[in-house]
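Written below as structure tokens is the structure these notes are about.
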4 protein chains.
Amino acid sequence: MSPRNIEKDLLMREERKKFILDSAVQVIATKGIGSTHMNDIAAAASISIGNLYHYFKSKDEIYAELLYMTQTDYGLFVTAASQMPGNAIDKLRYICSTWLSISTNWAFTILIQTARTTESIPLEIRNAVTERFTANLQPVAAIMKEGQESGHILDGEDPLELAFYFVSLIQGLTLQRAPGIEVRITPKTESIIRLFQVGFKK
Amino acid sequence: MSPRNIEKDLLMREERKKFILDSAVQVIATKGIGSTHMNDIAAAASISIGNLYHYFKSKDEIYAELLYMTQTDYGLFVTAASQMPGNAIDKLRYICSTWLSISTNWAFTILIQTARTTESIPLEIRNAVTERFTANLQPVAAIMKEGQESGHILDGEDPLELAFYFVSLIQGLTLQRAPGIEVRITPKTESIIRLFQVGFKK
Amino acid sequence: MSPRNIEKDLLMREERKKFILDSAVQVIATKGIGSTHMNDIAAAASISIGNLYHYFKSKDEIYAELLYMTQTDYGLFVTAASQMPGNAIDKLRYICSTWLSISTNWAFTILIQTARTTESIPLEIRNAVTERFTANLQPVAAIMKEGQESGHILDGEDPLELAFYFVSLIQGLTLQRAPGIEVRITPKTESIIRLFQVGFKK
Amino acid sequence: MSPRNIEKDLLMREERKKFILDSAVQVIATKGIGSTHMNDIAAAASISIGNLYHYFKSKDEIYAELLYMTQTDYGLFVTAASQMPGNAIDKLRYICSTWLSISTNWAFTILIQTARTTESIPLEIRNAVTERFTANLQPVAAIMKEGQESGHILDGEDPLELAFYFVSLIQGLTLQRAPGIEVRITPKTESIIRLFQVGFKK
DNA sequence: AATGAATGAGCATTCATTCAT
DNA sequence: AATGAATGAATGCTCATTCAT
């Protein structure tokens, strides 16, 4: 009946959406969230504003999907790290060095923090973000626990609490890497890991 | 118009400005920066919008002064801590517990990060913020150095680098305390200090 | 491509157009004119927007044809009534009761009034509507004249004028029956007819 | 304390609002409701769009107040008529001739009908309009009753029903007077009144 | 100094219409 | 013929800033 291939259309639609979201991340990583407008996103994806609204029905929806994508990707990354071969220290090292080396991560961090603290963003979205944030702590907590059991990581603390500190520290460091910020101190993975490591210190 | 009155007027003006800035912080801590508008600030200070502009010539200026005030206060706080009686661990403990206990600090942190990463804010202001951020690391670095020398704090790292991690960690944790965020993990000063402490770990 | 097929195609095209117009009336009767958009019409007719434009070259054209259809149908209805067996009162009664019983007629009335008074609709269309409105008064005027001559209907007035009042009254009543309007008074055909009837009143 | 006269300010604000509403009616009477936009209203009142929003917080609010004003004015007019000296016929005559002579009344009628039938207008407003419409029937019904008792007006019908017909007829006629409509029939007050009058007809 | 009305550029969003497939 | 993605002018509304009193 239809001269179009419906399946292919749906697939293309998903691809387009992904492409738009990726483009949006690029702009946000350059301009910051506060100054990224719908026309910036449209321009970044090389489509018209009107067409942008064919894929997402509001700015909030873009926000929500962006947050979902970002946090899901991060969750997958952390989960993969927790299942890597090697000991707990190796895994933390991998997380730390990889995360700090991605230069646009500051944008994710600010994106997430802003989403959580901006009144105009629907409570629903904000709660979902916090929910995922908490869920994403679990794989790191698992690494901490494993490290404590193998004697590599500081004992005596709740593994979840340690994970919370580790992630907060990395987030805090990530923020210092936003464009235009020239802190002359470069975080070093080895030094960061040592904070959580046992036996290294005399 | 005696010179006394002029002096007094200037003094009152400064007091009014301080009052307005303090009021602004209150709103921002409640509504977030993105959704705080000039009329919110005016309302918080119980003055008219027009009058607000008699004290500050633009929103950017309020931003700038707010950042200056915030960071200066923080600098004084950290400097005072570094000159406290007691050993390095005591000082870090004081910084950590005090900072985390102030419930509106998340607003300062986001304020500062947003200022640094928002394109529309003049480069001049953004640089000043980073400058002060770096300067404010010094007292903490001094504590770290003192601690390394007295054998209380991890050796082998640049004290400035350690200070950077310490501050980033606390900033990261502060962000998790924004209103509406319900992370069920409460950071504990003792556990945080331990990360930087020597000899505690077996 | 036999000539038969071409004829059949043209016929089908006309049928499709009629179907689309009928569907459009349904939506308008449900949503109101102001909030009926091209995609609503397309959806109501179960075709795509693009295809809609294969049958009608603009929203104005749909409007115009809708008005034409509506008014033509009404004209046929009124003409048929004027040629019915029975006296003038019977004929008016038929017009009145039939028209008021059709629950979507308010949509036609608003459609027509809006068309006449909306600047953005081309003058040409608006004039055509008024033209047809006036033409449609004639059969009713004929009934009035017949009634005056047979002594059933008020004498002393221009039959056309009486027709004008009769139609305006019915239009006015129709408007009160739009969805969401809850006027607790139900118009009664007998009472309405009496206004124009002779001898009934003492 | 304030260099302004607060009372006077409030008074002026009300005057300004009234002026804006009056201006809005003018545009609507010229352009039709559907094509009247906020900038049209602003231009008609010779103020900026931004300032328009100092007086009314949305287009809906302007609509609502316009409807309230219009219907309230109409209610006062009808009530005054019902309390005039003279018999019922005199009163109806006054209502009819006055209402039909005001050339912008068609705009009120369309305004009200559109408000009642447009989905996008909040149900609350629509209900209020219908409420007031019904309330405004009462004074006319009172005239009808008085006329029935004094033998001037058709007996045997519910006075409220008669009022409903009378008002619907006048509304219907009003609609025919919208700009751009050239119906060559002029309604005559005397003829209209006669429809409801007793004894005139032989 | 103090007030709040006034301004208008800027933003998110809508919708009739066109176009490539 | 049929589809729905693509376009962009237009609309309602916001908000930092200025102005008259």
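As the structure is a prediction and not an experimental result, all values here were calculated from the model. Labels below follow one simple rule: chain letters A, B, ... track the order of the sequence lines, proteins then strands, and each chain is numbered from 1.
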Using atom types as modelled and distance alone, determine if a side-chain donor or acceptor of B/E65 lies under 3.5 Å from a backbone N or O of B/L21.
-> no

With sugar-phosphate meaning primed atoms plus P, OP1 and OP2, does B/F56 contact a base, only sugar-phosphate, or nothing at under 4.0 Å between heavy atoms?
-> nothing

Counting heavy atoms not belonging to C/Y55, are there more than 12 under 6.0 Å from its OH?
-> yes

Does A/H37 reach the side chain of A/D40, with side-chain heavy atoms less than 4.5 Å apart?
-> yes

C/R16 side chain N/O closer than 4.0 Å to the phosphate oxygens (OP1, OP2) of F/dA1?
-> no

Nearest whole angstrom, please: distance from the P of E/dC15 to the CD1 of C/I62.
-> 16 Å

In whole Å, what is the span from the CE atom of B/M12 to the C1' atom of E/dA2?
-> 13 Å

Has the side chain of C/D22 got a donor or acceptor atom that lies under 3.5 Å from a matching backbone atom of C/F19?
-> no

Integer-rounded Å distance: F/dA1 C1' and C/K8 NZ = 16 Å

Can you sort out the partners of B/K59 under salt bridge (Lys or Arg N to Asp or Glu O under 4.0 Å), two or more places apart, ordered by chain and number?
-> none

Between B/S48 and D/L52, name the one whose nearest nucleotide on DNA chain E is closer to the 5' end.
-> B/S48

Paired and unpaired positions of DNA chain E as dot-bracket, Watson-Crick or G-U wobble under 3.5 Å, | denoting a partner strand = .||||||||||||||||||||

Look at A/R13 and F/dG4 and indicate whether a side-chain polar atom (N or O) is within less than 4.0 Å of OP1 or OP2.
-> no

Kindly give the heavy-atom pair with the smallest separation between C/K17 and C/F56, and that separation in Å.
-> CE-CE2, 3.5 Å

Which nucleotide, F/dA6, F/dT3, F/dA5, lies nearest any side-chain atom of C/I47?
-> F/dT3

Check the distance between E/dT13's C1' and A/D40's CG and give it to me in whole angstrom.
-> 16 Å

Value in whole Å for how far the P atom of F/dA2 lies from CD1 of C/I20 | 9 Å

C/F19 CZ to F/dA2 P: how many Å, rounded?
-> 12 Å

When rounded to whole Å, the CD to P distance for the pair A/E61 and E/dT14 reads 12 Å

Output yes when a side-chain donor or acceptor of D/Q71 lies under 3.5 Å from a complementary backbone atom of D/V129, and no otherwise.
-> yes

So which one's nearest nucleotide on DNA chain E is more toward 5', D/S46 or B/S46?
-> B/S46

So which protein N/O to nucleotides 13-16 of chain F N/O distances come out below 3.5 Å?
residue : atom : partner : partner atom : Å
F/dC13  : OP2  : D/Y53   : OH           : 2.7
F/dC13  : OP2  : D/K59   : N            : 2.8
F/dC13  : O5'  : D/Y53   : OH           : 3.2
F/dC15  : OP1  : B/H37   : NE2          : 2.9
F/dA16  : OP1  : B/H37   : ND1          : 3.1
F/dA16  : OP1  : B/K59   : NZ           : 3.0
F/dA16  : OP2  : B/M38   : N            : 2.9

For B/L11 and E/dA1, what is the distance between atoms CG and P respectively, to the nearest whole Å?
-> 15 Å

Intermediate values then yes/no, side chain to side chain contact (heavy atoms under 4.5 Å, CB included), B/F108 and B/V25 | CA-CA 8 Å; B/F108 299 156; B/V25 166; 3.5 Å; yes

A/D60 and A/I125 have their tightest heavy-atom pair at O-CD1, 3.9 Å

